[in-house]
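Reviewing the structure listed below.
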Amino acid sequence: MEDRPRKLNIEVTSRCNLNCDMCMRKVLMEDSGDMSLETYKALLPVFPELESVNVIGIGEPLMNENILEMIKLGKKHLPANGTFSITTNATLINQKMAKDLVASGIDDIVISMDGATPATFNDIRKQASYDDVLRNIGFLNKAKKTADSKTPRLGFEFVAMRKNVAELPQLVDLAAKHGISFIIVTNLLPHTEEMTKQVLYDYNSDKAIELFNEAVAEARRRNLNMAFENLDVENYASALFGVPPLKDKLRNPKPLRKWDERLQKKYQFLDDIVAKAREQNVVLNLKNLMARDGTDPEQIAAIFAETSARAKKQGISLELPPLIPKSQRECGFMKSRIAFISWDGYVRPCNNLYHSYICYVNNRKKSITSVSFGNVLKQSFNETWNSREYRSFRRNVDKFDFAPCGDCPHAEGCFALLSPVFRKDCYEYTQPCGDCPWARGILKCM
């Protein structure tokens, strides 16, 4: 793989004028601020070799007083076919700002739109107004028409959750009415325990579900009842299943619960399931798999299908996230050779390690510590990119041989995942990538 930077995501501010339900800023463990023009200009030497620059982060970019100059400088230094985009809540766009944005030459403006009705939008995006945002989109369309410009292309970004997913088909109609040419839908990464109730996706991987469904069908053929008490499943799974290379040390020949003749056939059958999974290098969280009924993904999939049909009819480009994580993991950030620059000039590898914050993965509370390989005010971006540490990080992530934390039955009590600062996984890797929801495909790589 060619190891040169191809994309930059730049956070020009971590401040915001809203207080949205799902925002990381609620649990951010860092100071906030704006990127200085000096810091931004330090990035410009790498722009000529890039494919795209996206101004995006945990703040509202239009709050940076230098944003228009940043866009113009970016467009000036990018190659002719390079694209410059910005993600905004659109609340600060007035007639003058709309005119200036069109004149800046920006290619794409992505507008956060997490509801297709005023009630839902205003409930999620606190301190924003549905009507005001649509009015401001109108300012952009009017400015484009006045300037006889096809750019910027306008898009919606939608964070799908239980309280808004039913409005997705309606969002397509709203987009068509307001000159929106593309819609990007991503799943929710909860940052509070309350928001875990809004998650739409399954926690078990596609291959784990496939193997377990096969087992359920076989159990029916054998007239075995696969229903277990939670305690039985949890104890037996812990005794039965460790994570390679520790699995032989962790495995106990008998379940922790006193052996019960009534359960013997079930436990032997679970042995068979696990053995088959091991042959395919798949980890099964039996407790989670037995708890799922599959009805939610089916209902959401129907909404997604209706949304896709409407988008096709309206000629709107649509990106939808999967509802079941992939067992075959990879890092889209490393694959696309993207780097993230935080507002204070630090070079970060990905969305997951962009900031220090709290989140919930598979209903487990996690503390994330940001990772940096340098600061553009102290050394050039290319020096940082080509440093031994950053190159080693990319090589390891490209291989993606990290522990399969997402499906692991021991994850809830794992010292590595529960530690305030990640040290290493049970495969001895110091990168905290084995539990990354982006690598499992359920979160979009923006």
Side-chain angles (χ1 to χ4, degrees), residues 20-22 85 87-90 108-125 128-131 133-138 140-141 153-190 195-210 213 291-327 332 437-438 440-446:
C20 300
D21 282 354
M22 61 290 188
S85 62
T87 299
T88 174
N89 61 38
D108 296 301
I109 296 179
V110 183
I111 298 155
S112 299
M113 199 75 187
D114 298 308
T117 63
T120 300
F121 178 93
N122 295 342
D123 177 60
I124 294 172
R125 304 194 66 77
S129 164
Y130 173 90
D131 292 332
V133 168
L134 291 182
R135 178 200 63 201
N136 298 347
I137 292 171
L140 287 169
N141 283 319
R153 294 179 294 271
L154 304 183
F156 281 159
E157 182 185 15
F158 183 95
V159 179
M161 53 190 108
R162 290 186 183 276
K163 65 170 67 177
N164 68 0
V165 68
E167 294 185 4
L168 259 178
Q170 193 175 343
L171 186 76
V172 175
D173 297 335
L174 187 73
K177 183 178 178 181
H178 291 274
I180 304 298
S181 58
F182 61 93
I183 299 174
I184 301 167
V185 181
T186 185
N187 277 312
L188 170 73
L189 177 63
M195 289 305 292
T196 61
K197 301 170 186 174
Q198 294 294 323
V199 167
L200 299 174
Y201 47 88
D202 208 305
Y203 292 132
N204 304 284
S205 71
D206 50 4
K207 193 62 179 177
I209 293 171
E210 179 186 336
N213 286 343
R292 71 185 299 272
D293 62 15
T295 55
D296 278 356
E298 289 178 5
Q299 293 167 358
I300 306 307
I303 294 173
F304 278 12
E306 172 63 19
T307 305
S308 295
R310 291 199 192 188
K312 184 176 181 180
K313 182 178 180 180
Q314 299 281 12
I316 292 175
S317 174
L318 174 68
E319 293 183 34
L320 290 169
L323 295 171
I324 297 175
K326 298 181 297 182
S327 58
W438 280 272
R440 303 186 82 203
I442 52 178
L443 297 182
K444 300 290 288 185
C445 301
M446 299 295 293

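Source: prediction; values computed, not measured.
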Between D206 and I324, is there a donor-acceptor pair closer than 3.5 Å when you use the side chain of the first and the backbone of the second? no
What is the minimum heavy-atom distance between A301 and L323, and which atoms define it? N-CD1, 3.7 Å
Partners passing side chain to side chain contact (heavy atoms under 4.5 Å, CB included) against A176 (at least two apart in sequence or in another chain): Q314, I316
Under 3.5 Å donor-acceptor, R162 side chain and K197 backbone: yes
Identify all side-chain donor-acceptor contacts of residues 111-121 below 3.5 Å with residues at least two apart in sequence or on another chain.
unit_1: D114; atom_1: OD1; unit_2: V159; atom_2: N; d: 2.7
unit_1: D114; atom_1: OD2; unit_2: R125; atom_2: NH1; d: 2.6
unit_1: T117; atom_1: OG1; unit_2: T120; atom_2: N; d: 3.4
unit_1: T117; atom_1: OG1; unit_2: T120; atom_2: OG1; d: 3.3
unit_1: T117; atom_1: OG1; unit_2: E167; atom_2: OE1; d: 3.4
unit_1: T117; atom_1: OG1; unit_2: E167; atom_2: OE2; d: 2.8
unit_1: T120; atom_1: OG1; unit_2: E167; atom_2: OE2; d: 2.5

Just by modelled atom types, is the V110 backbone N or O under 3.5 Å from a matching donor or acceptor in the E157 side chain? no
Hey, is the main chain of L188 close enough, under 3.5 Å, to the side chain of Y201 for a donor-acceptor pair? yes
Can you give me the closest heavy-atom contact between A160 and V185, atom names plus distance? CB-CG1, 3.9 Å
Could you report the tightest heavy-atom contact between P169 and I303, atom names first, then the distance? CD-CG2, 3.9 Å
For L154, does its backbone N or O pair with a side-chain atom of S181 as donor and acceptor, under 3.5 Å? yes
Of all pairs that satisfy side-chain hydrogen bond (donor to acceptor under 3.5 Å, both in side chains), the ones with a partner from residues 302-311, not counting sequence neighbours: D173-R310, E306-R310
With a 4.5 Å cut-off on side-chain heavy atoms, are N89 and V133 touching? no
Hey, what do you get for CD1 (I184) to CG (L320), rounding to the nearest 0.5 Å? 11.0 Å
Hey, does Q198 have a side-chain heavy atom less than 4.5 Å from the side chain of P190? no
Nearest heavy atoms of I137 and H178, plus distance in Å: CG2-O, 3.6 Å
Do side-chain atoms of T186 reach the backbone of K444 as a donor and acceptor pair under 3.5 angstrom? yes
Without swapping roles, check the side chain of N164 against the backbone of M161 for a donor-acceptor pair under 3.5 Å. yes
Report the residues that fulfil side chain to side chain contact (heavy atoms under 4.5 Å, CB included) with D21, sequence neighbours left out, ordered by chain and then residue number. D123, I124, K126, K163, M195
Rounded at 0.5 Å granularity, tell me how far OG in S129 sits from CZ in R135. 7.5 Å
Note: P437 and L189 closest approach over all heavy atoms is CG-CD1, 4.2 Å
List for me each residue that meets side chain to side chain contact (heavy atoms under 4.5 Å, CB included) alongside S317, sequence neighbours excluded, and say none if there are none. F182
Donor-acceptor contact below 3.5 Å, side chain N187 vs main chain L443: no
Which heavy atom of I183 sits nearest to which heavy atom of A175, and what is that distance? CD1-CB, 3.9 Å
Please name all residues satisfying side chain to side chain contact (heavy atoms under 4.5 Å, CB included) with P322, sequence neighbours left out, ordered by chain then number. none
So, do D202 and R292 sit near enough that their side-chain heavy atoms are less than 4.5 Å apart? yes
